[in-house]
Structure formats: C-alpha cells, structure tokens
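Only one structure is covered here, and it is reproduced in the block below.
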2 protein chains.
Amino acid sequence: MVEKLASIENAKTFLNDVGINPSYQRLRILDYLINNLCHPTVDMIYSELIREIPTLSKTTVYNTLNLFQKRGIILGLTIDESEVRYESNVVPHAHFKCERCGEIIDVHVCHPILTKGFVNNHKIHEGHLYLKGVCKDCINHDSNGGQK
Amino acid sequence: MVEKLASIENAKTFLNDVGINPSYQRLRILDYLINNLCHPTVDMIYSELIREIPTLSKTTVYNTLNLFQKRGIILGLTIDESEVRYESNVVPHAHFKCERCGEIIDVHVCHPILTKGFVNNHKIHEGHLYLKGVCKDCINHDSNGGQK
DNA sequence: TTCTCTGCAAACGCTTTGCACGGAT
DNA sequence: ATCCGTGCAAAGCGTTTGCAGAGAA
C-alpha cells in the first residue's frame with residue numbers, strides 16, 4: 001500500500017515535470033506502465049485498470065497514451081503489425097518477440113545506429129530494432145518434450 | 001514492351017519455383033513489387049494496377065500479398081503503425097523513414113543481429129531495423145531555405 | 001465562469017470473411 | 001465434374017472524432 005502510494009507520487013512528479021496535468025486517470029495509466037514492463041497493449045491496460053476504476057473509458061486510455069507518446073514519455077512499439085504495445089522505458093534498446101508464446105522481451109544491444117546520428121547523410125531521430133524468433137524458455141520446453 | 005514481357009516472365013518463373021499458381025493477378029502484383037522498390041502500401045499497388053486491370057479487386061490484392069508473405073517471397077514492413085508496406089527484397093537490410101517527406105529508404109547496415117542466430121539464448125528468426133528522421137534531400141531543401 | 005478532462009456513442013477506415021461466379025484442368 | 005482464384009458485399013475490429021456533462025481553478 002505504502003509502495004503503491006509512493007509509486008503514484010512518482011508518476012505525479014513525472015507528469016508535472018513534462019507539463020502534463022496529472023489527472024487521476026493519467027496518473028494511473030502512467031503508473032501502470034511504469035510497474036508493468038511487459039509492453040502492454042491498449043486493451044491490457046484498459047482491462048486491468050477498469051477493475052479498479054469502473055468508470056474508465058477506453059477512449060481515455062487512447063487519448064492518454066497518445067498524449068504521453070506525443071510528449072515523448074512513452075514509446076509505442078509496432079513489432080507486430082496487428083497491435084501497438086507501449087512502454088515507459090524510453091532508453092534505446094531492442095525488442096524481441098517470441099513467435100511461440102507471444103511475449104515481448106527487452107534486449108540490450110549496443111549499436112550506435114539505435115541512437116541519434118547520421119546514416120548515409122540521413123539524420124536519425126529514433127531507431128527500433130525488432131527481433132522475432134523463439135525465446136529461451138520455449139526452447140527449453142521443446143527440449144523437455146513439452147514439459148514444464 | 002519487350003522488357004515488360006520479360007519482367008512478367010521473370011515473375012512467372014518466380015511463382016512456379018515456390019509452388020504458387022501464377023494467375024494473371026498474382027503475376028502482375030509480384031511484377032509490380034519487383035519493379036517498384038518504393039515499399040508500396042496495399043492501396044498504392046491497387047491504385048496503380050486498377051488502371052490496367054479494371055476488374056481488379058482490393059480483396060485480391062490483400063489475398064495475394066498475404067499469400068506471398070506467408071510463402072516468404074515478400075516482406076511486410078510496419079515501420080509506421082498506421083500502414084503496412086511491402087517489398088520483394090527479402091535480403092536483410094534496414095529501413096529509414098523520413099518524417100518530413102514520408103519516403104522509405106533502404107539502408108544497408110551490416111549487423112550480425114539482423115541475420116539468424118542467438119541473442120541472450122533466444123533464437124532469432126528475423127530482424128527488422130527501423131530508423132526514422134529526416135532524409136538528406138529534405139535536409140538540403142531546408143538549408144536552401146525551402147527551395148528545390 | 002472558464003477551461004480542461006472524461007466517457008459515451010457514433011463514425012471511420014483498413015482488413016478479413018462469406019459466398020457465388022467463372023475459368024482452368 | 002472438380003478445383004481454385006477472383007471479386008463483390010458485408011462483417012469485423014481497433015481507433016478516432018464529436019459532443020455533452022463533470023470537475024478543477
């Protein structure tokens with residue numbers, strides 16, 4: 001409980017710093033993103049928060065995520081064309097999606113191209129490295145004959 | 001004209017090789033992709049081809065692109081969440097999208113991570129490196145005060 | 001009061017699905 | 001006759017828009 005309140009306070013400071021009015025819904029959505037690094041979809045965020053905020057509208061989730069993204073405090077990932085996923089970690093890193101279990105995992109690769117600079121005289125503002133394959137857990141399950 | 005026929009023949013051989021029945025529509029769509037390396041959207045392909053194939057349906061374009069993609073002879077790019085772009089060049093390379101003019105440009109970066117292998121014990125099947133920024137042409141226009 | 005945020009309902013646009021027709025074997 | 005591809009129309013679905021009410025300053 002104490003941790004939760006502290007977490008919300010943390011989100012509040014965060015929003016104040018970037019000049020976004022820290023409404024209750026915005027705070028809760030940002031807080032959710034900070035504490036759930038699983039790269040949730042709009043639907044995941046909405047489904048979780050509606051349990052504690054019964055009046056929450058999906059429109060608000062959309063509006064809020066778009067606002068956060070525009071201000072650069074969260075990132076939208078399109079590693080899969082059928083869904084956008086969000087994360088509050090804006091430090092450049094790569095993403096891996098397991099084709100078996102669907103999980104998206106952060107991968108820290110050091111490559112200068114992911115940061116700002118020039119490539120072939122084009123100015124780079126942002127870079128996304130998306131990897132797809134089979135995660136180590138799914139590989140292990142396979143080698144155990146599908147056992148846990 | 002001679003070149004065009006040769007190009008279609010080329011596409012035909014291509015489809016036969018991967019075991020796809022080379023119908024007229026499929027041939028024309030593949031041929032379009034091979035000869036237009038601008039990473040077109042579904043709509044671009046449809047709008048261009050409808051001029052020469054008046055009965056063409058957008059459903060057929062969707063079906064065909066999905067079929068090609070499933071068979072691995074084309075790639076779908078989601079560098080921009082609002083549209084899928086297609087290309088027939090399946091050799092691993094990066095993509096740069098200019099936020100100013102919208103153009104998508106191939107970038108050849110040599111990085112082992114873009115090819116198959118292992119990262120943090122996760123098996124990689126495919127990788128996409130998407131870069132966004134301002135292309136060199138748009139930078140030049142800027143420094144000319146917007147002149148051509 | 002004034003301004004902003006929220007949330008419902010409707011609109012929107014892209015993509016897929018269902019199905020019947022037609023051409024090829 | 002059978003199979004497969006095409007294309008129309010409709011459905012589906014995620015997202016955005018319009019707008020009125022609520023809440024904060």
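The figures that follow rest on heavy atoms only: side chains count, while hydrogens, waters and symmetry mates do not.
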Determine yes or no for a side-chain-to-main-chain donor-acceptor pair under 3.5 angstrom, with [X] supplying the side chain and [Y] the backbone.
X	Y	result
A/His128	A/Glu126	no
A/Asn120	A/His122	no
A/Thr78	B/Thr78	yes
A/Asn35	A/Asp31	yes

Which residues within residues 10-38 of chain B lie with some heavy atom under 4.0 Å of an atom in DNA chain D?
-> B/Asn21, B/Ser23, B/Gln25, B/Arg26

Rounded to the nearest 0.5 angstrom, the CG-OG distance for B/Asn21 and B/Ser23 is 6.5 Å

Quick one: CD on A/Glu87 to CG on A/Leu37, what's the gap to the nearest 0.5 Å?
-> 8.5 Å

A/Arg85 bridged to A/Glu83 by N-O distance under 4.0 Å | yes

Heavy-atom closest pair, residues B/Arg28 and B/Ile8 | CD-CD1, 3.6 Å

Using a cut-off of 4.0 Å between protein heavy atoms and nucleotide atoms, how would you tag nucleotides 8-22 of chain C 5' to 3' with B, S and -?
-> BB----SBBB-----

Between atom CD1 in A/Ile45 and atom P in D/dT15, what is the gap in whole Å?
-> 11 Å

